[in-house]
Student: 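Here it is: the structure, laid out below.
Whatever order the structure lists them in is the order used to number ligands and atoms, beginning at 1.
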Amino acid sequence: MNKFFKLEERGTTVSKEFIAGLTTFLSMAYIIFVNPNTLGAAGMDTGAVFTATILAATIGTLIMGLYANFPVALAPGMGMNAFFAYTVVLMMGYSWQQALAGIFVSGILFIILSATGLRELIINSIPTALKHAVGTGIGFFIAFLGFQNSGIIVNNDATLVGIGNLTDPNVLITVIGLIVTLVLLVRKTPAAIFIGMIVTAVVGILLGVVALPTQIIAPIPSLKPTFGALFEALPSIFTVEMIPVIFSFLFVDFFDTAGTLVAVGTRAGLVDQKGHLVNGDKALLADSSATVIGSVLGTSSTTSFVESLTGVEAGGRTGLTSVFTALCFLLMLFCSGLLSVVTSAVTAPALITVGILMASSLGDIEWKNLETSIPSFVTIIMMVLGYSIAEGIASGFVLYPIMMLAARRQKEVHPVMWALMVIFFIHFVLA
Ligand SMILES: Nc1nc2[nH]cnc2c(=O)[nH]1
C-alpha cells in the first residue's frame, strides 16, 4: 500500500489519509441528496438518481485515487445539474434522456481532449478572464436557483423578480439554514453545507413544513429508470441547436476540472519544478471517464469537487484519501430513506453557499482592462438573467473578439476564438 500510493514519499500515513478522506466526504455528502432533488425537477426518478449519484461518485473517485493517485473526489457537479434540469430540460424543452445523451457526448469529447494534444490548444486559446467569468457566472446562477427554489426571490409581474415573504415557514427555514451554513463556513467547518442541510431539515420538521422520515436505512433504490436511458435518445441530439448545449457541458466540465485539479494539486504539493501537475493527464482522464460512466448510470456531469481541498487541508496527499472518500459514498447507498426530508427549501442553503464559493473567481478578473472585463461581465449577467449557462458563454464569446478588435489587440485573439465567435453568432441569429 505504501508503495502503491507513495505514502512515505508524500509524507503521509494511512490514518492521515483516512481522516482526510472522511473530511472530504463530509464536505461533499450534501450532493447525494441535492442532486436527486435537482434532476428530479427535470422529471427524473429521484431514487434512481440517488443511486446513480452515489455510484458515479464512488466509481469516479476510485478511478481518481487508484489510477491518478490524486487526493481529489468526484461527484455530479452543482452547476451542470442545475443547467441540465432548469435550462436544457425545463426551458429548452429537451427530454432528460436527450440531455443525458448530451452529457455522454461531452464526456467522450472530453476524453478525446484529455488524451490528445487538443487539450493544450483549448487551454491556450480561451482568455483567462472568460474562464473566470464562466466560473463566477455559474456561482451566481446556482445561488439564484437556491433563492428562487426556496421562495426568498419570487416572480413579480412589474419587475420580473422581487423578495418573497420571509416569514412564511417554508421560506424561513431556508433563511435560518443559510445563516447557520454561512456561520459554519466562516468558521471553516468542513461539513458546513451538510450540517446546514440537517439544521434546515430539523427546523422544517419542527415547524411542520418538512415531513418526518419514516425510515433512514432503506433498500437501495433501483437504477432501472435511468440506467442506459440515454442511448435511445442519442441519435436525436445531433442538431445545430444542441451545439451550444454540448459545448457548454464540455467547456464547463473541462475548465472547472482543470482549475480544480490545479487548485487542489498545488495545495497538496503535487506540482513539479515546471509547474506541471503530477499525473495531471491521468487525473483529467479519470474525470472525463467519470462523466461518461455517470451519464450511463443516470446523472449530469461528474466532476472533480473543489471541496476536496478540505481533505487536503486535513493532510490528504495521495489517492488513498480518495479511496476512503469513495467507500464513505458507497455506504450511503442504504440511506435513501432520508431523501423525503430533503425538499427544495432544504437544498437551497447548499445551492446558495456553493454559489458563493464558485463566485470567488470574480476577484481574478482584471476589471480595469475593459476589453476583457466587458465580455466577462456580459457572460456573467447573461448567464443569470438569461437563465442559461450556455447563453452566457455564447454572449461573452461573441463579444470578446469585437472588444479586442476595438482595443487594437486583435492579434492576441486566438483563431479558435474567432471560429467560436462565428458559431455563436449564427446560434443567436437562428435562435
Ligand atoms: N469544482 C467544482 N466543485 C463543485 N462542488 C459542487 N459542485 C461543483 C462543481 O460543479 N465543480
Side-chain angles (χ1 to χ4, degrees), residues 23-39 49 53-54 56-57 60-61 64 70-87 103 106-107 110 131-132 134-146 181 185 190-194 196-197 248-268 277 283-284 286-288 290-291 294-295 299-312 322 325 329 347-361 364 383 389-390 392-393:
T23 306
T24 297
F25 168 74
L26 286 174
S27 306
M28 296 171 63
Y30 68 90
I31 196 67
I32 298 170
F33 301 101
V34 176
N35 203 41
N37 184 288
T38 303
L39 298 188
V49 176
T53 302
I54 292 176
T61 306
M64 187 61 86
F70 225 73
V72 163
L74 291 84
M78 289 278 280
M80 274 305 98
N81 59 7
F83 176 58
F84 179 105
Y86 294 98
T87 310
I103 297 283
S106 78
F110 190 2
K131 289 178 202 161
H132 291 309
V134 171
T136 303
I138 295 173
F140 283 117
F141 177 70
I142 300 176
F144 184 39
L145 280 173
T181 309
L185 193 71
I193 298 179
F194 193 50
M197 274 176 68
S248 299
F249 285 154
L250 175 64
F251 181 96
V252 173
D253 201 0
F254 183 80
F255 285 106
D256 186 355
T257 299
T260 305
L261 292 177
V262 169
V264 181
T266 306
R267 275 300 247 236
L277 276 185
L284 272 182
D287 189 292
S288 48
T291 290
S295 68
T299 174
S300 49
S301 309
T302 305
T303 191
S304 300
F305 261 41
V306 72
E307 285 90 337
S308 311
L309 273 174
T310 58
V312 169
S322 311
T325 306
F329 266 113
T347 61
L351 290 167
I352 298 165
T353 308
V354 174
I356 294 171
L357 297 176
M358 294 187 78
S360 65
S361 312
D364 296 320
M383 219 177 258
I389 292 172
I393 293 177

Student: Any idea which part of Asp256 is under 4.0 Å from ligand 1, heavy-atom wise: side chain, backbone, both or neither?
Tutor: side chain
Student: Answer with yes or no whether the side chains of Ser27 and Thr310 bring together a donor and an acceptor at under 3.5 Å.
Tutor: yes
Student: May I ask you to list the atoms of ligand 1 that are less than 4.0 angstrom from any heavy atom of Thr260?
Tutor: 1 (N)
Student: Does the plane of the ring in Tyr30 sit parallel, tilted or perpendicular to the ring in Phe305? Use 30° and 60° as the thresholds.
Tutor: tilted
Student: What's the shortest heavy-atom distance between Ala56 and Thr302, and which atoms?
Tutor: CB-OG1, 3.7 Å
Student: Is there a polar contact, in the sense of an N or O pair closer than 3.5 Å, between Thr303 and ligand 1?
Tutor: no
Student: What atoms in ligand 1 come closer than 4.0 Å to a heavy atom of Gly77?
Tutor: 7 (N), 9 (C), 10 (O)
Student: Taking the side chain as C-beta and beyond, is there a heavy-atom pair between Ser300 and Leu39 under 4.5 Å?
Tutor: yes
Student: Indicate, as side chain, backbone, both or neither, the part of Ser304 found under 4.0 angstrom from ligand 1 when only non-hydrogen atoms are considered.
Tutor: backbone
Student: Regarding atom 4 (C) of ligand 1: of the candidates Met80, Glu307, Met28, Met78, which has the closest heavy atom?
Tutor: Glu307
Student: So is Tyr30 close enough to ligand 1, meaning a heavy atom under 4.0 angstrom away?
Tutor: yes
Student: Is there a polar contact between ligand 1 and Val306, counting only N or O atoms under 3.5 Å apart?
Tutor: yes
Student: Could you report the tightest heavy-atom contact between Thr87 and Phe141, atom names first, then the distance?
Tutor: OG1-CZ, 3.6 Å
Student: Just verifying a value: how many Å separate Phe70 CZ and Leu284 CG, rounded to the nearest 0.5 Å?
Tutor: 9.5 Å
